[in-house]
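Notes for the one structure printed next.
Because only heavy atoms are used, hydrogens play no part in the values below, and waters and symmetry mates are left out as well, while side chains stay in.
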Amino acid sequence: MNDQTPLDPERARRRLEVAKAWAHVVGRTAYVPMTIDEMTEFLLAQVTVLADALNADMFDPSPAVDVGRALVNNDFTGPESLQCTVEILAAALLLDSDRRDKPGFAERVVGLLSGLATGYASGMRLRTLEQQEHIKQALLKAKREAERRERVANDRFEEVFLGSAIGIALTDMSGRFVQTNPALAHILECEPGDLADRNVSELFPAADVDDVVISYREVTEGITPRIRERRRMLRQDGTYAWVYLVISLLRDDRGVPLYHITMVENLSELQALQNQLGQQSVRDMLTGVANRQHFQSKLDAVLEGAGPDTSITLLHIGIDSFSVINNGLGHLVGDRMLQVVANQLRAIVADHNAVVGRVGGDEFAILIENSEHTPNYQELINEINNWLAEPTFIGESGVAVCASIGVVEHTGRVFGRLDLLRAANSAMRRAKAVGKRQWEIHNVHDDADDRARFAITSGMPGAWECGELDVEYRPIVGLADNRTVALEVMLRWQHAEEGRLIRHYECRDMAESTGMSLTIGPWAFDRACAALAKRPPANVRLLLRLTPLQSSDGNLAAVVNRVVARRGLPAEQIEISLDARAVVADRGEAQSNLQALRDNGVVVGLHEFTGSQTEFAIVEEQEIDSVILAGSVTATRPGPDSVLTKLTGSMIATLSQMGVTVGVVDVPTAQDAAWWHAMGVTLAQGDFAGQPGDLDTQLSEHPAPSGNGA
């Protein structure tokens, strides 16, 4: 066990809420001689015991048994108390633990709940034994005092016998029933008269009869005073009832055996609950296929037993655009479709040594142990998508789906389970990036590159917090005189672990992929404005080229206003260039941001401009100040008579006539810059104009012109 450490306030609060909810629910199912505060305090102690056992390094479910007994000892024994207790604790334990993602976690939860149920049953059995002892003494007393108090004793016995919730049978020494109570008939789902003149051995399965006879014989011969055992009994319809059996002996005044007393406690509901908990630990409750933990366990088992020639195929299947069904037809239809998909996947691999699992909300996986009869993975993929394309009618809607699939083929034991699952997931993500109903097979080199990139990307928030990210500036020059008129704000990351400098474009893409661009962007803007404000007045603008996510941010104008006001820079000294793709698609608040920024007085531009009619309409309607041509336009220099050259020149001329400043970026050489100048471009940035650097270096090496650089 770990040393006990004080709980953090949040976890202590959650446990108290669980205890209060538990007390409220159990209080409705049973009479407990406690105040609500006393009940809450008692149940909080039990929650703590269970949570500590769940989080212990060495798992021991025995404390849960003590909790179950404590519930019985304190009268938490209503007809629905156990069920309510298990339902509340199952959810509470899942949320309380820090080990949710570790293997075996589900088994720990099930083990604790099963232990609690066992302790509860044990406590109830102890109560039963006490009742049994009272009944036995009542029977003896009634027999010995028959002449004197026969009527009173018989009335007392009949009340206990007939009113008990425990099944009771009085049998002679041959096993023939002498008397049974209604509770026994209820357990066996028959009429009380159906048990008359029957032998007790007839109520047990044939396979158990010999053992039952031995138990009765041991009690008769005095080998043991009573037998307690868990057994199956046959109901009237041939099904089984799980019971807890107690067999004891009734003797006369001389000690001669007269009758066997058999008491039967019904455990069928408890057994069903335990079976349900066992299924929940390995099956997805919605679809019935293996859940993520069980699927991973199966994969572990296959890999542990794999030989050098063992071949497996792992498919990671992601349903495309599943949110369309949930949002369009409702989550009930979505759940039904997940069940349909699971059933179809099971049917497809039914003839193979395979297991299907649900590993995410709308994601499934198939593990196939290959044989000479296993089809090629391409055939399986085609079959999967062909089956999924068949409409399923749910109500009046015929619904179908398609899937993007990642494939991993593996031989031997080179890779572990986590590597294979990650590789399959990575391949599926690459397939989704291509489009709908696509598939990708795992490629070692691509996967290694993706993994390295994702590892760096995931560490970006921490690097920014630790000050590894910084701002640098790249000059933008006027092509007419090659003088600096603006500085583009860029990012750089001196990666401590990689030992290399990560430049702006890679930093930008990483931040955009994680949403960090909405945090880092305002920080970089504020940092650049603060640095420029400390310099003597300079006729040079700061340019920010925004990502699609930044361009669509509804808080963009407020951020720009706040930074400009705090740093005291003239608004016209700031140029904000939005991503034309986001503006054309009208993502989020992209188009509204153009007008809001213009109203704030900053220079407004578009980059990634391709010259489409929609883009020209936006330039005209929104009175755009500047345009930066897209890389797809500037990537090549066609010949002077090329149609592309004529179209590009016409586009630039039209923009110039509209009063728009046209710029290009990433221009490599002075010759390229001259070519673009001849095409009518006003501003350019690239290697020919200078490399990124700090503000002091850029302003000293590239002094601004005395007049307006625009």
Side-chain angles (χ1 to χ4, degrees), residues 459-476 484-495 501-579 582 588-590 592-594 596-605 607 625-626 628 685 692-699 704:
M460 192 174 208
W464 173 68
E465 184 71 24
C466 294
E468 293 181 20
L469 268 68
D470 202 356
V471 173
E472 61 183 4
Y473 308 85
R474 190 160 197 174
I476 298 174
T484 299
V485 297
L487 295 174
E488 181 176 0
V489 181
M490 311 188 89
L491 296 172
R492 67 181 177 196
W493 178 4
Q494 187 61 52
H495 198 286
L501 182 64
I502 301 176
R503 288 294 188 181
H504 173 73
Y505 292 128
E506 192 174 355
C507 287
R508 177 199 63 187
D509 293 343
M510 289 180 183
E512 186 76 352
S513 68
T514 61
M516 277 293 292
S517 57
L518 294 181
T519 301
I520 294 178
W523 166 81
F525 178 47
D526 181 68
R527 192 175 180 87
C529 289
L532 189 62
K534 294 177 181 178
R535 300 276 305 180
N539 190 20
V540 61
R541 280 206 301 255
L542 284 180
L543 167 66
L544 274 84
R545 278 193 287 161
L546 304 185
T547 66
L549 191 59
Q550 293 169 336
S551 302
S552 308
D553 182 21
N555 201 36
L556 174 62
V559 169
V560 173
N561 262 348
R562 186 165 58 249
V563 172
V564 170
R566 181 165 65 240
R567 299 308 178 188
L569 288 176
E572 61 271 14
Q573 201 171 358
I574 306 298
E575 179 177 346
I576 306 295
S577 183
L578 278 68
D579 192 292
E589 300 296 323
S592 299
N593 284 336
L594 289 173
L597 290 172
R598 172 166 290 285
D599 292 343
N600 292 342
V602 302
V603 179
V604 180
H607 66 93
D625 298 304
S626 67
I628 298 175
Q685 169 249 74
D694 58 51
L695 187 62
D696 291 337
T697 301
Q698 298 294 4
L699 291 179

Expected output: side-chain [X] to main-chain [Y] donor-acceptor under 3.5 Å:
X: Q573; Y: V540; answer: yes
X: E488; Y: R545; answer: no
X: S577; Y: H607; answer: yes

Measuring only between side-chain heavy atoms, which start at C-beta, is [X] closer than 4.5 Å to [Y]?
X: M460; Y: I520; result: yes
X: I574; Y: R541; result: no
X: L578; Y: L597; result: yes
X: L546; Y: D553; result: no
X: F525; Y: V489; result: no
X: Q698; Y: T484; result: no
X: L491; Y: W464; result: no

Working to the nearest 0.5 angstrom, can you tell me the gap between [X] [atom1] and [Y] [atom2]?
X: L487; Y: I476; atom1: CG; atom2: CD1; answer: 7.5 Å
X: L543; Y: Q685; atom1: CG; atom2: CD; answer: 8.5 Å
X: D694; Y: R492; atom1: CG; atom2: CZ; answer: 6.5 Å
X: D470; Y: M490; atom1: CG; atom2: CE; answer: 13.5 Å
X: L549; Y: D579; atom1: CG; atom2: CG; answer: 10.5 Å
X: Y473; Y: T697; atom1: OH; atom2: OG1; answer: 11.5 Å

Any luck finding a side-chain donor-acceptor pair between E575 and S626 under 3.5 Å? yes
Strictly below 4.0 Å, N to O, side chains only: are D526 and R566 in salt-bridge contact? yes
Atom of [X], atom of [Y] and distance for their closest heavy-atom approach:
X: E572; Y: V603; result: O-CG2, 3.7 Å
X: V471; Y: A528; result: CG1-CB, 4.4 Å
X: S552; Y: A582; result: OG-CB, 3.8 Å
X: C529; Y: R567; result: CB-CG, 3.8 Å
X: C507; Y: W493; result: SG-CB, 3.6 Å
X: V559; Y: P522; result: CG1-CB, 3.7 Å

According to salt bridge (Lys or Arg N to Asp or Glu O under 4.0 Å), who are the partners of R508, at least two apart in sequence or on a separate chain? none
Between D625 and R598, is the side-chain contact (heavy atoms from CB on, under 4.5 Å) condition met? List the steps. CA-CA 9 Å; D625 298 304; R598 172 166 290 285; 3.1 Å; yes
